[in-house]
Amino acid sequence: MCGIVGLYNNSPANQDLYDALTVLQHRGQDAAGIATEDKGKFFVRKSNGLVRDVFHTRHMAHLRGNIGIGHVRYPTAGSSSALEAQPLYVNSPYGITLAHNGNLTNHEKLAEELFLSDHRHLNTNSDSEVLLNIFAHELQRQNQPDLTKEEIFTAVENMHQRCKGAYAVVANISGHGILAFRDPYGIRPLIYGERHAENGKKDYMIASESVALDALGFTTIRDVDPGEVIYIDNKGELHSHCLKSNLTFTPCIFEHVYFARPDSIIDGSSVYKARVRMGEYLADKIIKERPDHDIDVVIAVPESSRPSAMELAVRLGVKFREGFVKNRYIGRTFIMPGQKQREKSVKQKLNPLPLEFHDKNVLLVDDSIVRGTTCQQIIQMARDAGAKKVYFASAAPPIRHPNVYGIDMPVKSELIGHGRSDEEIEKEIGADWLIYQDLEDLINAVIPTDVKNKDYRYECSVFDGNYITDDIDEAYLNHLKECRNENAKNKVNLLDETEFTESQEGF
């Protein structure tokens, strides 16, 4: 899962891109990068680290030009090496920079095709580099010195035919403009908006979440449709083209559960309202299963579960209290590379307030349970703080299957929900009682209230094992297991760091 932004400005773009990435920092903490263009030349700064640490004054001054793209990275495929920080660049044809959120499920097959048939070289294991080169090859096939918008649209359509999986993309073609496109299922989010510039013209921004537009004074136009291309040419004119497809619009539901900021609107659905409704449904389930519950207080596990926990408490008629103080200088533990780092960060990130736990039956509410190790530690914290009983509620259903569309959820064997009943998970995490959200209720909580299209559904594979692309089978998942093995990933990271120790600052 990553955050991307593309900007067509009538004034220097560097500060706006930086500010947008800061707003999208929650989507990736591993690396950050910006690529701008001025007079046909690209200027790039990218490296491992948070946005505030990657960009200093000297880097911002280097990023010249009114148009550009940016990226914050959370690694799924490939490694955490600075070599794979984005935006990525290819010089032929025209010169292209590209930033990608998602995961290509057939990237190994495509990498082979690129070498054998397209005669293009890859320098990393990143599926984003594969996608960039596929797009570049399809542009080159147009064989035109000056691209028209129709030729760009054709190149993206051809790319859609070759690439499988999830991808939301922003790109800059030197001398031509900014474009963005979304996979035909619309799995990963993408939205765009406009802002009136001082010269009377319009600025345009495309981003992963609407909060980036809001923060910089852009008015949202709409979400990019599944299979659609948005192209802003070098004259500042916006063009769009949508792939004709019989595929069902299937956005990722986990955006609403965890990844997106609560103040975002994704595909017409308020993330905050969705999380509030998750709390309503969860409370109704508790009332149904335990009408005589003895819960004294409801406490959220900060931060994304707070709207659900607050509404759940209201519905149950139980006090809501802030029982954990969060260290805001520790990043999101879910997207930290390495299990040991995640476990260490839990204790650094959260500290319990004993007066809210002492001699009480506490219901802890979290957005989801993935590996189970984090909630084990949090439950023990609650007991150590004096709780009589510790109940645990998940605003999402049990996660029993790996994710293949851009979320680095581990292999089945590392998922606490795989192969275990709710009672077994309850025992494993040390809770006195565990309750999960039902999948049907989660979908009802997230789906926009005005949606009447029966073909509108959500990508819920981590919960139900239903992978919407036709290339996912047991053999693929077994191969995924080998690629995502923590020890193998750590070995790759170590190798990469010895080969590439300095960040790229320009071309």
Side-chain angles (χ1 to χ4, degrees), residues 4 6 76-77 88 90 92-94 96-122 126-144 147-173 176-190 206 223-231 239-252 404-406 455 457 459 461 466-473 475-476 479-480:
I4 60 174
T76 51
L88 299 174
V90 68
S92 177
Y94 314 108
I96 305 167
T97 57
L98 178 145
H100 164 224
N101 173 31
N103 184 54
L104 298 184
T105 54
N106 66 335
H107 74 274
E108 290 187 356
K109 177 176 179 292
L110 291 173
E112 185 177 1
E113 289 179 7
L114 283 167
F115 178 73
L116 296 176
S117 302
D118 300 350
H119 308 298
R120 300 187 74 92
H121 173 71
L122 298 174
S126 170
D127 65 321
S128 301
E129 188 185 14
V130 170
L131 190 147
L132 169 60
N133 278 272
I134 292 289
F135 176 56
H137 177 75
E138 294 302 333
L139 274 182
Q140 197 158 28
R141 286 180 60 193
Q142 304 305 307
N143 198 29
Q144 298 294 330
L147 280 174
T148 65
K149 64 179 185 296
E150 288 79 14
E151 288 158 349
I152 291 174
F153 295 154
T154 298
V156 176
E157 282 205 3
N158 291 341
M159 193 209 69
H160 283 321
Q161 301 304 317
R162 297 181 67 178
C163 297
K164 293 185 178 182
Y167 47 93
V169 172
V170 290
N172 183 9
I173 305 174
H176 292 83
I178 294 284
L179 72 149
F181 51 88
R182 194 175 181 187
D183 70 77
Y185 288 99
I187 300 173
R188 300 267 68 87
L190 200 60
I206 310 108
D223 295 283
V224 178
D225 288 332
E228 184 181 17
V229 191
I230 300 295
Y231 171 50
H239 314 273
S240 68
H241 173 76
C242 206
L243 174 72
K244 294 180 181 179
S245 173
N246 59 359
L247 300 178
T248 302
F249 181 31
T250 318
C252 174
V404 300
Y405 300 123
D455 291 332
R457 58 176 179 167
E459 199 289 305
S461 58
N466 180 23
Y467 298 99
I468 58 175
T469 53
D470 59 5
D471 58 337
I472 309 301
D473 53 20
Y476 180 93
H479 180 64
L480 185 71

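For the pair L104/Y167, a side-chain contact is recorded, criterion being any heavy-atom separation below 4.5 Å from C-beta on. Y405 is not listed as a side-chain neighbour of C252, based on a closest heavy-atom distance of 4.5 Å or more.
Not one N or O on the side chain of N101 forms a donor-acceptor pair closer than 3.5 Å with the backbone of I4. For the pair E129 (side chain) and S126 (backbone), a donor-acceptor distance under 3.5 Å is absent. With T250 contributing its side chain and T248 its backbone, the two residues share a donor-acceptor pair below 3.5 Å. Y94 contributes no side-chain N or O that, together with a main-chain N or O of H176, makes up a donor-acceptor pair within less than 3.5 Å.
A donor atom on one side chain and an acceptor atom on the other are not found under 3.5 Å apart for T469 and Y185.
Applying ring-ring contact (aromatic ring centres under 6.0 Å, His included) to F181 and the options F135, F153, Y231 leaves one that passes, F135. Of the residues listed (N172, N133, V169), the one engaging L98 in a side-chain contact (heavy atoms from CB on, under 4.5 Å) is V169, and it is the only one.
Within 6.0 Å of the CD atom in E150, the count of heavy atoms belonging to other residues, nucleotides or ligands exceeds 12.
Using a cut-off of 4.0 Å between Lys/Arg side-chain N and Asp/Glu carboxylate O, E138 and R141 are scored as salt-bridged.
Residue I187 holds its CD1 atom at 9.5 Å from CZ of R182, rounded to the nearest 0.5 Å. Atom CD of Q142 and atom NE2 of H137 lie 10.0 Å apart (nearest 0.5 Å). Rounding to the nearest 0.5 Å places CD1 of I230 at 11.0 Å from NE2 of H241. Remark: I468 CD1 to R457 CZ distance equals 6.5 Å, nearest 0.5 Å. Distance check: L114 CG to R162 CZ gives 6.0 Å after rounding to the nearest 0.5 Å. One distance of note links SG of C163 with NE2 of H107; it measures 11.5 Å at 0.5 Å rounding.
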Exercise for the section: Report the C-alpha distance between K164 and I472 in whole Å, list the side-chain angles of each, state the deciding distance to 0.1 Å, and finish with yes or no for side-chain contact (heavy atoms from CB on, under 4.5 Å). Expected result: CA-CA 10 Å; K164 293 185 178 182; I472 309 301; over 6 Å; no

Handout entry: Residue pair L122, V130: steps toward the side-chain contact (heavy atoms from CB on, under 4.5 Å) verdict
Key = CA-CA 7 Å; L122 298 174; V130 170; 3.8 Å; yes

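Taking every heavy atom of both residues into account, V90 and L132 meet most closely at CG1-CD1, 3.8 Å. P226 approaches G186 most closely through the heavy-atom pair CB-N, 3.7 Å. Taking every heavy atom of both residues into account, R188 and A168 meet most closely at CB-CB, 4.0 Å. The minimum heavy-atom distance linking P93 with L139 is given by the pair CG-CB, 4.0 Å. Heavy atoms only, all atoms of each residue included: H160 and P184 are closest at ND1-CD, 3.7 Å. For the pair H100 and S128, the tightest heavy-atom approach, listed with the atom from each and the gap, is ND1-OG, 2.8 Å.
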